[in-house]
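Structure first, commentary second.
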Amino acid sequence: MNMASPLLDRLKAAHHCQRAVGSIPAAVAAPLAAAAVVAVALLAPEELTVVGRLRDLIGPVYLFVAVFLPAAAATVYLMMRPRAVYLVDYACFRTAPNCRVPFATFLEHAKQVPLLTERSVRFMTRLLERSGLGEETCLPPAHHYIPTYKYCTLDAARAEVELVVFSAIDDLFVKTGVSPDAVDILVVNCSLFCPTPSFVDMIVNRYNLRSDVRSLHLSGMGCSAGLISVGLARNLLQVVPRGAHALVVSTETITPNYYVGTERAMLLPNCLFRIGGAAALLSTSPAKARFRLKHVVRTLTGAKDSSYHCVFQEEDDNGNVGINLNKDLMTIAGDALKANITAIGPLVLPASEQLKFALSFIARKVLNGHVKPYIPDFRAAFEHFCIHAGGRAVIDELQRSLRLSDEQVEASRMALHRFGNTSSSTLWYELAYIEAKGRMRRGDRVWMIGFGSGFKCNSAAWECIEPASNADGPWATSIHRYPVEIPDVLKH
C-alpha cells in the first residue's frame with residue numbers, strides 16, 4: 001500500500017499537467033501529455049512537491065492565455081472590421097411636363113442658332129432618330145427659349161440646380177422620415193458646373209444642416225461619379241459614430257453646356273444629355289434600410305492617353321466650348337469594363353465561374369493570348385443589372401459582352417427612352433424602374449455599372465433588404481406604358 005502511494009501521486013501530477021495543456025491544439029498537446037506522464041513517473045517523491053507548485057503557477061497563465069487573448073483578439077477584430085453600409089432609400093427628380101422636349105421642338109430650336117449649320121442640324125436629326133431617346137425627355141427651362149444659348153446664364157444654371165437637387169432631396173426626406181439635422185455627411189457630384197458657393201453650400205443653406213457636417217463636392221468625374229460618391233460616403237461612414245447618415249446627391253447641370261459649334265463629336269452631348277438628378281441616404285444603421293451595399297469597385301484607365309482624351313472638354317476651332325466624345329469611346333469603354341469585371345469577379349461570382357475565368361486567364365498567359373478570354377456569367381451573381389444609359393451603343397455593347405437578355409437590360413433601355421442620359425443619376429432611374437415594375441425581391445442582388453470621363457468604369461453591388469412598397473417615384477405617371485418597342489430608326 002505504501003509503495004503504491006508514490007506511483008499514485010506521480011499519476012495525479014501527470015493528470016494535472018495534461019489538463020494544463022488542454023488548451024493547446026491536439027496535434028501538439030498529445031505528444032506533450034505523453035512526455036509529461038513519462039517524466040512525472042520517473043520523478044522521486046520529494047520532487048512531486050515542486051511539480052505541484054509549478055502547476056499552481058502555470059495554471060493561471062494558461063487560463064489567461066485561453067480566456068483573455070481570444071477575447072482581446074475578437075474585440076480587436078470587431079473594432080477593425082469595416083462597418084456594413086446600408087441604403088436607407090433614394091429619390092429621383094421627377095421631370096415636369098412643361099420641361100418636355102419632343103424631337104420637333106429640339107430641332108426647331110437648333111435651327112434658330114445662327115452658328116449651327118443646316119448640315120449640323122441634319123446630323124443631329126439622324127442621331128436623335130437612332131439614339132433610343134423618346135419624345136418625353138426633358139431639358140431645363142433655359143433650353144426652352146430661342147435662341148437657347150443666350151439664356152444659358154449663371155443664374156439659369158443655379159435655378160436648374162435648385163429645381164433638380166432640392167426636389168430630389170425633399171422627396172428623400174419625406175420617404176425616409178429622416179430630418180436634415182440627422183445628416184452627418186454630404187457628398188455631391190456634378191461634373192461640368194461648379195459654382196461658388198458650391199453645391200454643398202447651397203444644400204447646407206437650404207436645409208440648415210449642422211455646422212459640423214462633413215461635406216464634399218466632386219466635379220469633373222464624369223457620368224460614373226455617382227458610384228464614386230457612394231464609395232466615398234461609405235468610407236467616411238467608417239470613421240464617424242455608428243448610425244450616422246450620409247446624403248449623396250448626383251446630378252449634371254445641362255444649362256451652361258449647350259454647344260453651338262459644328263464639330264460632330266461635340267454635338268453628341270446636345271442630343272443625348274437631359275435634365276435629371278437623384279439623392280440617396282446611406283447609413284451604418286440597418287434600421288429602415290432597403291438595400292445593403294456589398295461592394296464598390298473602381299477602375300481608372302487614365303494613365304493611357306487614349307483613355308484620358310476620349311471624353312474631353314475643349315474648345316473647337318472657333319472657340320466654342322463643348323464635350324468631345326472620341327470615336328474610340330466604345331473600344332476604350334470595353335477595355336475598362338474588362339478591367340473592372342476582373343476586379344469585381346472574385347468578390348461576387350460563384351466558385352465555378354471563378355475557376356473557369358482563372359483557367360482562361362492562365363491559358364492566355366501560357367499561349368500568349370491565342371485563347372479567347374472567358375467572360376464570366378454574371379447572371380449567376382446578380383438578378384438585376386443597372387447599366388449606365390449613356391446611349392444605345394453603350395447598352396448594346398454591354399449586353400453583348402456580358403451575354404445579358406433583353407429583359408436584363410430593359411431598365412437601361414427604358415430609362416434612356418423616358419429620361420435620356422441623365423449622367424451620374426441614370427443608375428438610380430434604372431433601379432427605380434425595376435422596383436416600379438415589381439420585379440425586386442428580398443435577397444435579390446443588383447449590379448450597377450457606370451462609365452465616365454478619365455476613363456473610368458465603376459461598379460457597385462447591392463443586396464435588397466426590403467423592396468419598394470409602391471411604384472411612387474420618377475416612373476409613377478408612365479410605368480404603365482413601359483416597356484415600349486424602340487425601333488432602330490424612330491420616324492417623327
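For the numbers below, each heavy atom of this structure counts, side chains included, while hydrogens, waters and symmetry mates do not.
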State plainly whether the residues [X] and [Y] are in salt-bridge range, i.e. N to O under 4.0 Å.
| X | Y | answer |
| --- | --- | --- |
| R206 | D201 | no |
| R413 | D406 | no |
| E129 | R126 | no |
| E463 | R290 | no |

Pairing residues for D444 by the side chain to side chain donor-acceptor pair (under 3.5 Å) criterion, not counting sequence neighbours
H384
Quick one: pull up [atom1] in [X] and [atom2] in [Y] and give me the separation to the nearest 0.5 Å.
| X | Y | atom1 | atom2 | value |
| --- | --- | --- | --- | --- |
| K294 | R445 | NZ | CZ | 9.5 Å |
| L268 | N324 | CG | CG | 9.0 Å |
| C457 | L398 | SG | CG | 7.5 Å |
| L247 | L172 | CG | CG | 6.5 Å |
| D377 | L349 | CG | CG | 8.5 Å |
| T299 | L337 | OG1 | CG | 9.0 Å |

Let me see the working for L139 and I254 under side-chain contact (heavy atoms from CB on, under 4.5 Å), right down to the final yes or no.
CA-CA 8 Å; L139 284 171; I254 307 298; 4.0 Å; yes
How close do [X] and [Y] get, counting heavy atoms only, and between which atoms?
| X | Y | answer |
| --- | --- | --- |
| S250 | S425 | O-CB, 3.7 Å |
| N340 | R298 | ND2-C, 4.2 Å |
| K456 | L300 | CG-CD1, 3.6 Å |
| F199 | P195 | CE1-CD, 3.3 Å |
| P180 | L209 | O-CD2, 3.4 Å |
| T137 | G420 | CG2-N, 3.5 Å |

Is there a side-chain contact (heavy atoms from CB on, under 4.5 Å) between H388 and M448? Walk through the geometry before answering.
CA-CA 8 Å; H388 172 55; M448 288 184 172; over 6 Å; no
Give a yes or no on whether the backbone of [Y] and the side-chain of [X] come within a donor-acceptor separation of less than 3.5 Å.
| X | Y | answer |
| --- | --- | --- |
| E435 | A468 | yes |
| E314 | G322 | no |
| S283 | H245 | no |
| D328 | T331 | no |
| Q399 | L404 | yes |
| D184 | R214 | no |
| S360 | K356 | no |
| D316 | N318 | yes |
| T426 | T422 | no |
| R418 | E136 | yes |

Within the 3.5 Å criterion, strictly below it, is a donor on S405 or Q408 matched to an acceptor on the partner's side chain?
yes
Examine the side chains of S229 and N189 and answer whether a donor and an acceptor come within less than 3.5 Å of each other.
yes
Could you note down all residue pairs passing ring pair (Phe, Tyr, Trp, His ring centres under 6.0 Å) where residues 256-283 supplies at least one of them, sequence neighbours left out?
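Listed once each, the pairs are H143-Y258.
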Do W462 and Y86 have their ring centres less than 6.0 Å from each other?
no
Ring center gap for Y482 and H417 short of 6.0 angstrom
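When the ring centroids of Y482 and H417 are compared, they turn out to be within the sub-6.0 Å range.
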Using the ring of each side chain (for Trp, its six-membered ring), is F173 parallel, tilted or perpendicular to Y207, with breaks at 30° and 60°?
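Correct class here is perpendicular.
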Aromatic rings F385 and F382: how do their planes relate, parallel, tilted or perpendicular, breaks at 30° and 60°?
perpendicular
Applying side-chain contact (heavy atoms from CB on, under 4.5 Å), run through T251 and F193 and close with a yes or a no.
CA-CA 10 Å; T251 188; F193 183 54; over 6 Å; no
According to side-chain hydrogen bond (donor to acceptor under 3.5 Å, both in side chains), does anything in residues 155-167 pair up with another residue at least two apart or in another chain? List the pairs.
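side-chain hydrogen bond (donor to acceptor under 3.5 Å, both in side chains) check on residues 155-167 returns E160-T255.
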side-chain contact (heavy atoms from CB on, under 4.5 Å) evaluation trace for M414 with I486
CA-CA 9 Å; M414 297 307 111; I486 303 177; 3.7 Å; yes
Axial cation check for Y90 ring with K175, 6.0 Å and 45° limits:
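The answer is yes, since K175 meets both limits relative to Y90.
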Taking the six-membered ring of F106 as reference, does the NZ or CZ atom of R274 fall below 6.0 Å from its centre and within a 45° cone about the axis?
yes
Step by step, work out the salt bridge (charged side-chain N to carboxylate O under 4.0 Å, His left out) result for E466 and R441.
CA-CA 8 Å; E466 187 63 38; R441 299 289 183 270; over 6 Å; no
